J.: 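I have a structure here, written as structure tokens, and I will follow up with some questions on it.
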Amino acid sequence: MSEVMQIGGVDLRRLAQKVGTPFLIYDETKVEQKLQAFRHHFVHPEFETQVVYAGKAFLCGKIVRMVHEAGCGLDVVSGGELAVALHAGMPAGHIVMHGNNKTPQELTAALEAGVGLIVLDNVQECRALAELAQRLQRHVNVLLRINPGVEAHTHEYIVTAHIDSKFGVSAADTKGWEAILKTVEASPWLHFRGLHAHIGSQIFEPQAFEAEIEALGALSKEMQEKGYSVGVWDLGGGFAARYTEEDAPIPVEQVCKTILNACCAQKAALSLDVQKVMIEPGRSIVGEAGTTVYTVGWFKSTPGKEYLFVDGGMADNIRPALYQAKYDCTAVDAPNTPADHTYTVAGKCCESGDILIEQAHLPEMKTGDLLAVHTTGAYCYSMSSNYNHLGRVPVVFAKDGRAELVIRRETAQDFVRLECQEALE
């Protein structure tokens, strides 16, 4: 058996010779298994349930089709994501539209497509949507995004439910959420269905979800007493992925059971109207399935570090620079060789902060070797940039020894294609 690392039965060295580096490769079977696990375990006799994939984690036509085939819905947060979803064949009724500052153009596109749900983030957006729906004569179901005041233990840049978050209306702001619900009630085109909340990312404590559900229960009871029936709870995402050995994500079966049991308990204790529960996993579905493969370039030794430079960096993975995300890696050509060196893996971008891994434990590496950085399937491609005019990496899916290119490499020709000299006056 070959010593060279494989993903989905595909030899990474041979693949690198075909598509070049860096490239992002997904183990298609792992994505399928995660989708199936959420679909299988997120069921309860008390509720209708729906798993909605959070497209912001990684979105392309291939993923959209896999999500649809698995029987899941899709969450989009922009007109661009909506366009990709529709082009790939996702039924509009299975799409949930999010965003704290959806433009009139995006709201119009969502209404014209007939998306299943639009999540209202603030009263101004609600009024704008009501006007657009009236003008277009389109009915739409809406959820109200609530900030429940529950903080999951995660990096502050990816906490979304603390009191000063830019997202949603505070559960304690009765005047604020009542203004939105009254606006919805006054429109014959908007139909209030329930509440949406999201408490952060990389959540390792199931108690965080229980606290979120308790907060939604109390608010739903208050709304119910004021005459507003809350039939749907969309609990957002935040399900963790394993990046390093220090990470211990909650198993899918456990987190689904925790959430649904907590929902059932709240419904019974408070006599709530909730009939449907939704979740929005994204990172936990695609994160661990993705691996980025780089070619090792030059080396540099300093009094405190031994640098290993790769042919990518913060342009294809901004997460370490943005919020100190940690990664593990493997020497592609010697995956089973004992690690006897510690390298600082740095990218080629012109920033001192372009460090992918501070301490990578590897066998001795040399120029031309391949390095695989694991768990890059979520928020790497979707947050990638053209900094230093580096092209976005190609994306490959691998399964049963077969590789499929689903996004080609961006090249210099793509950059110059957008340049122009057009008079605007």
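Index from 1, following the sequence. If you're wondering where the values come from, they're calculated on a predicted model, not measured in any experiment.
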J.: Flag yes if more than 12 heavy atoms outside Gln17 fall under 6.0 Å of its CD atom; otherwise flag no.
T.: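 Yes.
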J.: Between Trp298 and Thr367, is the side-chain contact (heavy atoms from CB on, under 4.5 Å) condition met? List the steps.
T.: CA-CA 6 Å; Trp298 314 128; Thr367 298; 3.8 Å; yes
J.: Only one of Val396, Leu12, Thr29, Val293 forms a side-chain contact (heavy atoms from CB on, under 4.5 Å) with Ile7, so which one is it?
T.: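 Going through the options one by one, the only one that passes is Leu12.
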J.: How many angstroms lie between CG in Leu24 and CZ in Phe397, if you round to the nearest 0.5 Å?
T.: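 The CZ atom of Phe397 is 8.0 Å from CG of Leu24, to the nearest 0.5 Å.
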J.: Does the ring centre of His196 sit less than 6.0 Å away from the ring centre of His98?
T.: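 Judged by ring-centre distance (under 6.0 Å), His98 and His196 do meet the cut-off.
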J.: Counting only pairs under 3.5 Å, give me each side-chain donor-acceptor contact of residues 65-79, with atom names and distances, residues two or more places apart or in other chains.
T.:
| unit_1 | atom_1 | unit_2 | atom_2 | d |
| --- | --- | --- | --- | --- |
| Ser78 | OG | Gly80 | N | 3.3 |
| Ser78 | OG | Glu81 | N | 3.1 |

J.: Knowing that exactly one of Leu308, Asp316, Val332, Val393 qualifies, which makes a side-chain contact (heavy atoms from CB on, under 4.5 Å) with Tyr294?
T.: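 Among Leu308, Asp316, Val332, Val393, the one that satisfies the side-chain contact (heavy atoms from CB on, under 4.5 Å) with Tyr294 is Asp316.
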J.: Can you tell me how the ring of Phe47 sits relative to the ring of His44, calling it parallel under 30°, perpendicular over 60° and tilted otherwise?
T.: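 The rings of Phe47 and His44 sit tilted, inter-plane angle from 30° to 60°.
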J.: Going by side chain to side chain donor-acceptor pair (under 3.5 Å), Tyr243 matches just one of Lys326, His374, Arg283. Which one?
T.: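 Going through Lys326, His374, Arg283 one by one, the side chain to side chain donor-acceptor pair (under 3.5 Å) with Tyr243 is satisfied by Arg283 alone.
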J.: Do Thr295 and Leu370 have side chains that get closer than 4.5 Å, going by heavy atoms?
T.: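 Yes, at least one pair of side-chain atoms sits under 4.5 Å.
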J.: Sequence neighbours left out, what pairs pass salt bridge (charged side-chain N to carboxylate O under 4.0 Å, His left out) with at least one residue falling in residues 377-388?
T.: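 As it turns out, there is no salt bridge (charged side-chain N to carboxylate O under 4.0 Å, His left out) pair with a partner in residues 377-388 once direct neighbours are skipped.
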J.: Could you tell me whether the side chain of Phe42 reaches within less than 4.5 Å of the side chain of Ile259, counting heavy atoms only?
T.: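 Yes, their side chains come closer than 4.5 Å.
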J.: Walk me through it: do Asn147 and Val169 pass the test side-chain contact (heavy atoms from CB on, under 4.5 Å)?
T.: CA-CA 5 Å; Asn147 182 339; Val169 180; over 6 Å; no
J.: Would you check if the side chain of Arg145 reaches a backbone N or O of Phe167 as a donor-acceptor pair within less than 3.5 Å?
T.: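 Judged by distance alone, no pair lies under 3.5 Å.
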J.: Checking the side chain of Arg242 only, and the main-chain atoms of Pro249 only, is there a donor and an acceptor separated by less than 3.5 Å?
T.: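 A pair under 3.5 Å: no.
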J.: Can you find a pair of side-chain heavy atoms, one from Val310 and one from Pro22, that are under 4.5 Å apart?
T.: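 Val310 does not reach Pro22 side chain to side chain.
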J.: Other residues, nucleotides and ligands only: do more than 12 of their heavy atoms fall within 6.0 Å of NZ on Lys267?
T.: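 Count over threshold, so yes.
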J.: Sorted by first residue and then second, give each salt bridge (charged side-chain N to carboxylate O under 4.0 Å, His left out) pair with at least one member in residues 354-373; sequence neighbours left out.
T.: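 Every salt bridge (charged side-chain N to carboxylate O under 4.0 Å, His left out) pair that includes a residue of residues 354-373, provided the two are not neighbours, is Lys305-Glu358, Lys366-Asp369.
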J.: Apply side-chain contact (heavy atoms from CB on, under 4.5 Å) to residues Val252 and Phe239 and explain how you reach the verdict.
T.: CA-CA 9 Å; Val252 171; Phe239 311 106; over 6 Å; no
J.: Taking all non-hydrogen atoms of both residues, which atom of Pro104 and which atom of Leu132 are closest, and how far apart?
T.: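 Heavy atoms of Pro104 and Leu132 come nearest at O-CD1, 3.9 Å.
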J.: Take the angle between the ring planes of Phe58 and Tyr381 and call it parallel below 30°, perpendicular above 60°, tilted in between.
T.: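 Judged by the thresholds at 30° and 60°, the geometry between Phe58 and Tyr381 is perpendicular.
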J.: So which pairs with a foot in residues 330-350 pass salt bridge (charged side-chain N to carboxylate O under 4.0 Å, His left out), sequence neighbours left out?
T.: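 Output for this query lists Arg13-Asp333.
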J.: With a 6.0 Å cut-off (strictly less than), is the heavy-atom count around NE2 of His191, excluding the residue itself, greater than 12?
T.: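 It does: His191 NE2 has more than 12 such atoms within range.
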J.: For the residue pair Tyr327 and Cys380, establish whether any side-chain heavy-atom pair is separated by less than 4.5 Å.
T.: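 Counting from C-beta outward, Tyr327 and Cys380 do come under 4.5 Å.
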J.: Output the distance between atom CG (Leu418) and atom CG (Asn386), rounded to the nearest 0.5 Å.
T.: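 Leu418 atom CG to Asn386 atom CG measures 9.0 Å (nearest 0.5 Å).
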J.: Any side-chain to backbone donor/acceptor pair from Thr292 onto Val373? Under 3.5 Å, distance only.
T.: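 Not confirmed, Thr292 side chain does not pair with Val373 backbone.
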J.: Restricting to non-hydrogen atoms, name the atom on Cys349 and the atom on Asn388 that form the minimum distance, rounded to 0.1 Å.
T.: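 So the two residues come closest at CA-OD1, 3.2 Å.
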J.: Is there side-chain contact between Leu82 and Glu106, with at least one heavy-atom pair below 4.5 Å?
T.: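 No, side chains not in contact.
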J.: Could you check Lys257 against His41 for side-chain contact (heavy atoms from CB on, under 4.5 Å), going step by step and ending with a plain yes or no?
T.: CA-CA 7 Å; Lys257 183 177 180 180; His41 293 295; over 6 Å; no
J.: Count the heavy atoms belonging to other residues, nucleotides or ligands that lie under 6.0 Å from CD of Gln359, then report whether that count exceeds 12.
T.: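 Atom CD in Gln359 is not crowded, with 12 or fewer foreign heavy atoms closer than 6.0 Å.
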J.: For atom CD of Glu404, decide whether the heavy atoms of other residues, nucleotides or ligands shown that lie under 6.0 angstrom number more than 12.
T.: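 Enclosed.
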J.: In Å, rounded to the nearest 0.5 Å, how long is the span from CG of Leu195 to CH2 of Trp177?
T.: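 One finds 9.0 Å between CG of Leu195 and CH2 of Trp177.
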J.: Give the minimum heavy-atom separation between Gly194 and Val230, together with the two atoms involved.
T.: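 Minimum heavy-atom separation between Gly194 and Val230: CA-CG1, 3.9 Å.
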J.: Hey, what do you get for SG (Cys256) to CD1 (Ile250), rounding to the nearest 0.5 Å?
T.: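 Separation between the atoms: 10.0 Å.
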J.: Should the heavy atoms of other residues, nucleotides or ligands under 6.0 Å from NZ of Lys18 be counted, would the total exceed 12?
T.: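 Result for NZ/Lys18: open.
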J.: Within the side chain of His198, is there an N or O that forms a donor-acceptor pair under 3.5 Å with the backbone of Gly200?
T.: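 Such a contact is found between His198 side chain and Gly200 backbone.
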J.: Is there a side-chain contact between Val286 and Tyr53, using heavy atoms and a 4.5 Å cut-off?
T.: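 SC-SC contact between Val286 and Tyr53 confirmed.
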J.: Surrounding NZ of Lys399 (heavy atoms of other residues, nucleotides or ligands, distance under 6.0 Å), is the total greater than 12?
T.: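 Buried by this count: over 12 neighbours within 6.0 Å.
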J.: Between Gln266 and Trp233, is any pair of side-chain heavy atoms under 4.5 Å apart?
T.: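 The answer is yes, as the side chains (C-beta and beyond) meet within the 4.5 Å cut-off.
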J.: Where the side chain of Ser284 meets the backbone of Ala241, is there a donor-acceptor pair that is under 3.5 Å apart?
T.: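 Side chain of Ser284 to backbone of Ala241: no pair is present.
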J.: Once you round to the nearest 0.5 Å, how far does CD of Gln413 lie from CZ of Arg417?
T.: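 The distance works out to 10.5 Å.
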J.: Restricting to side chain to side chain donor-acceptor pair (under 3.5 Å), what partner residues turn up for Gln33, sequence neighbours left out?
T.: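 Once residues adjacent in sequence are excluded, Gln33 has no partner under the side chain to side chain donor-acceptor pair (under 3.5 Å) criterion.
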J.: Sequence neighbours left out, cut at 3.5 Å: what donor-acceptor pairs do the side chains of residues 115-129 make with other protein atoms?
T.:
| unit_1 | atom_1 | unit_2 | atom_2 | d |
| --- | --- | --- | --- | --- |
| Asp121 | OD1 | Gly168 | N | 3.2 |
| Asp121 | OD2 | Gly168 | N | 3.1 |
| Asn122 | OD1 | Gln124 | N | 3.3 |
| Asn122 | OD1 | Glu125 | N | 2.8 |
| Asn122 | ND2 | Asn100 | O | 3.3 |
| Glu125 | OE1 | Lys102 | NZ | 3.1 |
| Glu125 | OE1 | Asp121 | N | 2.9 |
| Glu125 | OE2 | Lys102 | NZ | 2.9 |

